[in-house]
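Notes to accompany the following structure.
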Amino acid sequence: MSATVAATAATAPATAARGSLLRGVLATWRGRTAGAVLLVVVLACLVGAFVTPYDPLAQDLAAARQTPSGAHWLGTDLLGRDVLSRLLQGGASSLVAVLVAVLVRTVVALPLGLAAGHLGGRVDQVITRVVDLVMAVPTIVILLSVLTLFGNDLLIGMAVFGLLGSAGLVRIVRGAALAASQELHVTAGRLMGLSRRQVAVRHVLSRVRGVVIVQTTLFATIALGVQTGLSFLGLGAPPPEPTWGGMVGEAASVVQSYPWLMVPTGGVIAITVLALGVLGDVVRDTTADRSSASGGRSVRRRGRVPAADPGDPDVLLAVRGLEVAFATAAGEVTVVRDVDLDVRAGETVGLVGESGSGKSVVAKAVLGLLPRNGAVVAGSAWWRGTDLTGLRGRGWRGVRGSQIALVAQDPLRALDPTSRIGAQLGELVRVHDRVGRRAARVRVVELLEQVQVIDPAEVARRYPHEISGGMAQRVAIAMALAGRPRLLVADEPTTALDVTVQAEVLDLLRALQAETGMAILLVTHDWGVVADACERVVVLYAGEVVERADAADVFAGPGHPYTRALLDCSPDQPAPDGTLRTVPGTVPPPDAWPTGCHFAARCPRAQDDCTQEGIPMVELAGSRVARCIHPLVPAGQPVGLTLERSR
Amino acid sequence: MLRIVLRRLLWAVPLVLGVSLVVFLLASLVPGDPARTILGESATPDAVAALRTELGLDRPWYEQYLSWLGGLAHGDLGTSVFTGEPVTTALNSRLAVTLALVLTTVVVCSVVGVAVGVVGALRGGITARVLDVVSLAGIALPSFWVALVLVSVFAVKLRWFPATGYVSPDQSLGGWASSLVLPVVSLGLLGVAVIAKQTRDAALTVLESDHVAVLRANGLPETRLVLGHVLRNASIPVVSAIGVVFVGSLDATVFVENVFVLPGLGSRATQATVDHDVSVILGIGVYFTLVVVLVNLLVDVAYGLLDPKVRTA
């Protein structure tokens, strides 16, 4: 959950940059360099072509094959012509040709793509068909035949190249228009009285701008390659006229006797295409959400010191002082901190909290499954003498699956869609039991029977998309059971399921626990699930544990005002008028945690001292331990006295 | 599955019709007379008229087109007005050279590109940065330019490989391989970059997916996870990238075959362009179109094999 929060925090700057793409691009040194190089090349060619130091065609055989000098900055060619003057003039024709290709492509593709994506129906069908057809056309052959027929006019050739290249862009714009027209804000725009077309053009254009620019820079590099390539082959302007490709060809013919000529002629092409390429890359980085979310950033543990192992033989998993941080564009963001929790053999512990509380992050951290940009930066998770937070790669062998196993939230996404159920289950069995395929097949059927699948042999032959959600969750549980784990981490195992199926899956988990004696760490936001299944409860709020207690004590009367508020919000605790309660206010995001109590701003009992300094965990009556200095339950008093709810 | 194959094969018909129709239309719209070009400026009008009749150029373009289509139905693509050779004869021997070049390129690109992409996805950090720079160069630099640089370094300076020419595998297998090295590298730089990038993106997406997390959490060792599940799931977009690379390499043979003087379709296409030899251009158009259709067909079949949802749909 907190991963999402961290990702959202990270994308905020990217979204802001989209408003001013140019500023975003120029903010990076790569963007500035590429932009400057392109500007120099373009200006030099377009302006410089008219003020060339020498006539590009003027021969001076006495001055042939000169290396750079004050008179000829880039030397002279085989006929003594000034290379710089020829490059500038040749560049002008190359750049104009590329511009023509890019313009034709954009002018053709934008309206067609918008029409296909937005109007849909027959229009979309026809355009899509034509695009498919054009994309399968061998571009170069058409280009060559156009050149054959139009007497090697590269401008016409590049216009045709742009036309053929528009098919790819139509596809992209269509996709974006389709997505955008289904979005809410378009509907909202319609309601506000903007015409359909205005809405489409406005929203879709702002949406596809990034990808269109990236695609266009890529296309421009290809167009420049084709333009110079064709003139290299002699299919462009005929000889004395300077062209970049033609000059490279000339240089190539004398590369042994006069290698210098290759440097400026080949170099200018390389520099121009690389600058275009880098620019496209930077635009993509600026506009893409995903790459900027992590962007190769990572966080490291602060110091190597693990938290002390409590060493209690009854406790399977002892999490102590756990702190997890994510690297984002805005810097390192801590999403959970100072988390302590124990899971004893055979018991079920509920890890409870709202979205964004950090409960899934804790579960993932225990199994070493944090995303690439996240890491445990402090604390430990002790598993019978081993600190799980220190395990890497092969270190997890003998722990994952055989000691601790996982059941994920969305069963349909938890199974590999390309692999048969029997195959993925069998693979795990073969790893854990070290048996052959045949023995594994027998065990697969056993496992499926254990999770009460009706026709195990038949289900094993199916692919994940061929079974229902409830069935998929049974299969996912079977996969977790394959290694006979002592602790099952179940991350919202019922949330994605229908209500009737939810109860079945919970019953199944309870039955399996009775049968195998395994412990369960149940991550959930649903008090009904806690009441049904858990012996003990750990409540998380904004990255911190706010309360730990036996389930019975929590339901009898929690110590922390947040736990109280969360309990009151559960659907089986409606307000007197029958409406569903909500906790007023919102959970503070990880980068905006307040000093002191994280819940203070929403807490009815908050006082001045709540926001002065960090709040410690306080032992309260019964089994309760809460991070609260004004708890609902007094410290150390018998449970009986606090049964009455304090509102 | 069979339906997908049949549909793709039927695609060949409108494609060949479309490509050839465009070329014919252009030819009829543009002033100029192949008969005059062949005979030269000094030929008498009578001689030109006689040649026009002989070549069928005095008939309206649609008649010429229909008779060309009639020939196509029998596998006859006409005759080159310049060499007098039947187009199919002229092109068949060259097809082998181009296919050898393109197929080798695609195989090399796929192996290298997928390996580099997977390593990039698993490693991240510096490896990914280096990969980005190499991909950028591969995508940006024109293949003819790369070819020229390779020739001047590895053929002219170091003399490791021949600068130009093609050796048939019947003559010498080693010579054949050696004559293909530099052309394959120049053609393949782009392909490696495209495939590596696609592989890395796809593999990263799969690595972040729930089913990989679940298999990992439940004890599947990393090597099996990557080889059996990540690669398999990532392969679907990668296959389509390989198809794109195939078609792109086919187009780029026009440049690369000229630099290395390989007797393939690409260099013949350039010659035909210089000669304004329409029937040869048309013939190459048909060959290229059929190869592209075949490649798209193979990509679709691969989709079916890799994605059970496509297969059972």
Value rounded to 0.5 Å, distance of OG1 in Thr418(A) from CD1 in Ile236(B): 7.0 Å

Val292(B) versus chain A, the contacting section by heavy-atom distance below 4.5 Å: side chain

Portion of Ile269(A) that has a non-hydrogen atom of chain B nearer than 4.5 angstrom: side chain

Over 12 foreign heavy atoms within 6.0 Å of CZ, Arg30(A): yes

Closest-packed option against chain B by number of heavy-atom pairs under 4.5 Å, given Gly245(A), Ala220(A), Ala270(A): Ala270(A)

Pairwise distance CD(Glu222(B)) to CZ(Arg394(A)) - rounded to 0.5 angstrom: 10.5 Å

Any side-chain heavy-atom pair of Tyr287(B) and Val141(A) under 4.5 Å: no

Any donor-acceptor pair under 3.5 Å from His432(A) side chain to Asn218(B) backbone: yes

Check: Asn233(B) and Pro417(A) side chains under 4.5 Å, non-hydrogen atoms: yes

Heavy-atom proximity to chain A below 4.5 Å, by part of Ser209(B): neither

Which atoms of Thr272(A) approach chain B - backbone, side chain, both or neither, heavy atom under 4.5 Å: neither

Leu220(B) vs Val431(A) side-chain heavy atoms within contact, under 4.5 Å: yes

Taking every non-hydrogen atom, the tightest pair across Leu369(A) and Ala217(B): CD1-CB, 3.6 Å

Chain A contact via Asp251(B) - side chain, backbone, both or neither, heavy atoms under 4.5 Å: both

Interface moiety of Ile142(A) toward chain B, non-hydrogen atoms closer than 4.5 Å: side chain

Pro142(B) to Thr228(A) - nearest heavy-atom pair and separation: CG-OG1, 4.4 Å

Arg413(A) atom CZ, neighbour heavy-atom count above 12 within 6.0 Å: no

Closest non-hydrogen atom pair between Thr273(B) and Leu235(A), with its separation: CG2-CD2, 3.9 Å

Structural part of Arg430(A) lying under 4.5 Å from a heavy atom of chain B: side chain

Min side-chain heavy-atom separation Pro138(A)-Val247(B) under 4.5 Å: no

Proximal component of Arg397(A), with respect to chain B [non-hydrogen, under 4.5 Å]: side chain

His229(B) to Ser419(A) - nearest heavy-atom pair and separation: CE1-OG, 4.4 Å

pair Phe288(B)-Ile140(A): side-chain heavy atoms closer than 4.5 Å: yes

Toward chain B, the part of Leu143(A) with a non-hydrogen atom under 4.5 Å: neither

Nearest heavy-atom neighbours spanning Ala213(B) and Leu406(A): O-CD2, 4.3 Å

Which atoms of Val278(A) approach chain B - backbone, side chain, both or neither, heavy atom under 4.5 Å: both

Options Ala408(A), Gly483(A), Ala480(A), ranked by heavy-atom pairs under 4.5 Å with chain B, top entry: Ala480(A)

Heavy-atom contact with chain B under 4.5 Å, split by part of Thr139(A): both

Any Leu233(A) side-chain heavy atom under 4.5 Å of Phe144(B) side chain: no

Shortest non-hydrogen separation from Leu230(A) to Phe255(B) and the atoms involved: N-CE2, 3.6 Å

Choice from Leu367(A), Val273(A), Ile404(A) maximising heavy atom contacts with chain B below 4.5 Å: Val273(A)

Atom group of Ala482(A) that falls short of 4.5 Å from chain B, counting heavy atoms: neither

Residue selection (most heavy-atom pairs with chain B, distance under 4.5 Å) from Thr221(A), Leu274(A), Val407(A): Leu274(A)

Contacting moiety of Leu215(B), where chain A heavy atoms sit under 4.5 Å: both

